Amino acid sequence: MSVAIITGASSGIGAAVAVEFHRRGWKVGLIARRDDLLKEHVEAMGEGAAYATADVADEKGLTDAILKLESELGPCDLMFANAGIGDGRSARHFTSANTLKIMNVNCAGVIHAFAAVLPGMLKRGTGTLSATSSVAGFRGLPNFGPYSASKSYVTSLLESMRIDLRPHGVGVTTVHPGFVVSELTSRNAFDMPFLVQTDKAARIIVKGLLKGKSEVNFPWQMICLMKFVRWVPNWLYDRVIAIASPTTPKKEAE
Amino acid sequence: MTPFGIRKRLKALLGLEGGSSSAPQPPALPSYDVVFDCPDGSTYTVSAKEGDSLVYAAGRGPQPISTGCTDGTCGTCRVDVLEGAEFLTVADGHELKTKADVGVPDAQRLACQSGVLGAGVRVKITNILGEEPIDP
Ligand SMILES: NC(=O)c1ccc[n+]([C@@H]2O[C@H](COP(=O)([O-])OP(=O)(O)OC[C@H]3O[C@@H](n4cnc5c(N)ncnc54)[C@H](OP(=O)(O)O)[C@@H]3O)[C@@H](O)[C@H]2O)c1
Ligand code: FES
């Protein structure tokens, strides 16, 4: 039985992906900070599910949690580094501490997770590394600078690793969701176009991961839009996105 | 820097040139300590320049306030003002409208719209970036 370890598995996309893997007969290891929620999910799934609490920004804490799950479930076949945070904040309120907090979870959290399992995967000559980026990583979105940047980092890191690791039997998959119902998006103060339900998102992600896709991108409407926007020249992007993006604060758009 | 620039600076430094050696500086703004109480019971203090918003000030501390729009439209950054309400900029019509629209209690302020004007401000953060929000 294969083993998937999922960070950010106490709620939202991560929790739903864990349930979907388990439903498909995988053993699942859940990691996040909220003990009570993780326990609840693992108990609901039953055999073949385990959890460990860790802050993904803490290298030692996360590595220990992964080791604990591997000793309980077996070596990690698939790492889904999904824990992430973010908020809407104009660059007028830009500070190092606030930005680094996002980077420490969204970027360092992925780095520590991969560093913990990659040596084992390379030794076994098999495995999958995956992480949740976002369509926000395709271009810098207004009001979401640190978040967009953290997701661009994830996208580029995984793209590069994918090429390096392919000859060694380790697959790399980047997940780019549009808007998905979760605790994170429940805080968004704007209408979210093409919003996807959490369970549906999890089914799409797991299917893509099992197929060994290089990227899992959804919903298609959002992906088409953002991939197109990637090629729009700056002079046009800057003007149009400031008016058209749902992430632009209403007052600034006026 | 051009060689000319370097020469001019050196001359100014050595006092070989009359007139003012540097451009006039804007007067330094005074700074005031702001105390932030966090939902986990911890507290931190940040030195804020006059006019800095509470969101900006807290964003330099260990537990930044969670924000949605930073333009006073969403209500995410609401804080309880525990002390020194008189040392914050007065809520404008936009903030009052948002508070009414999204149901922010009167005693709370929108941190992105509250500028620090003096010492003695102490607020309790309700939403921390990356943590579960606490309903008012
Ligand atoms: N929802 C969307 O529309 C959307 C779109 C694109 C990308 N994403 C990405 O999808 C991922 C999952 O987000 P979500 O939408 O499912 O939001 P969510 O429900 O808020 O889930 C975030 C998860 O990350 C965990 N987490 C946060 N900080 C952590 C830390 N320091 N250490 C360990 N775990 C931490 C949280 O658990 P604890 O609080 O228990 O630690 C939670 O399980 C994120 O990377 C997000 O950026 C989401
Ligand atoms: S962040 Fe939206 S009102 Fe302050």
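Numbers restart at 1 for each chain; the letters A, B, ... are given by sequence-line order, proteins then strands. On a predicted model such as this, the values are computed, not experimentally measured, just so you know.
Under the 3.5 Å distance criterion, the side-chain polar atoms of B/Thr70 are matched with a main-chain donor or acceptor of A/Ser90. In this structure, the side chain of A/Asp87 does not engage the main chain of B/Leu129 through any donor-acceptor pair within 3.5 Å.
Between chain B and the residues A/Thr99, A/Ile85, A/Thr95, the most heavy-atom pairs under 4.5 angstrom are made by A/Thr95. For chain A, the option among B/Gly61, B/Cys74, B/Gly68 with the highest count of heavy-atom pairs below 4.5 Å is B/Gly68. Chain A forms the most heavy-atom pairs under 4.5 Å with one residue out of B/Ser66, B/Cys77, B/Gly75, and that residue is B/Ser66.
Taking 4.5 Å as the heavy-atom cut-off, the residues of residues 101-112 of chain A that approach chain B are A/Lys101, A/Ile102, ordered by number. Taking non-hydrogen atoms and a 4.5 Å limit, the residue list of residues 28-37 of chain A in contact with chain B, ordered by number, reads A/Arg33, A/Arg34. Residues of residues 50-58 of chain B lying within less than 4.5 angstrom of chain A, judged on heavy atoms, are B/Ser53, B/Val55, B/Tyr56 in numerical order.
Heavy-atom minimum distance, A/Ala97 versus B/Gly59: CB-O, 3.2 Å. Across every non-hydrogen atom of A/Gly88 and B/Thr67, the tightest pair is O-OG1, 2.5 Å.
When the side chain to side chain donor-acceptor pair (under 3.5 Å) test is applied to A/Lys200, no partner is found at least two apart in sequence or on another chain.
Counting heavy-atom neighbours within 6.0 Å of B/Asp106 CG, excluding the residue itself, gives a total of 12 or less. Atom CZ of A/Arg230 sits in a crowded spot, with more than 12 heavy atoms from other residues, nucleotides or ligands closer than 6.0 Å.
In this structure, chain B has a heavy atom under 4.5 Å from the backbone of A/Phe94, while its side chain stays farther away.
Separating the NE2 atom in A/His93 from the CG atom in B/Asp71 is a distance of 8.5 Å, to the nearest 0.5 Å.
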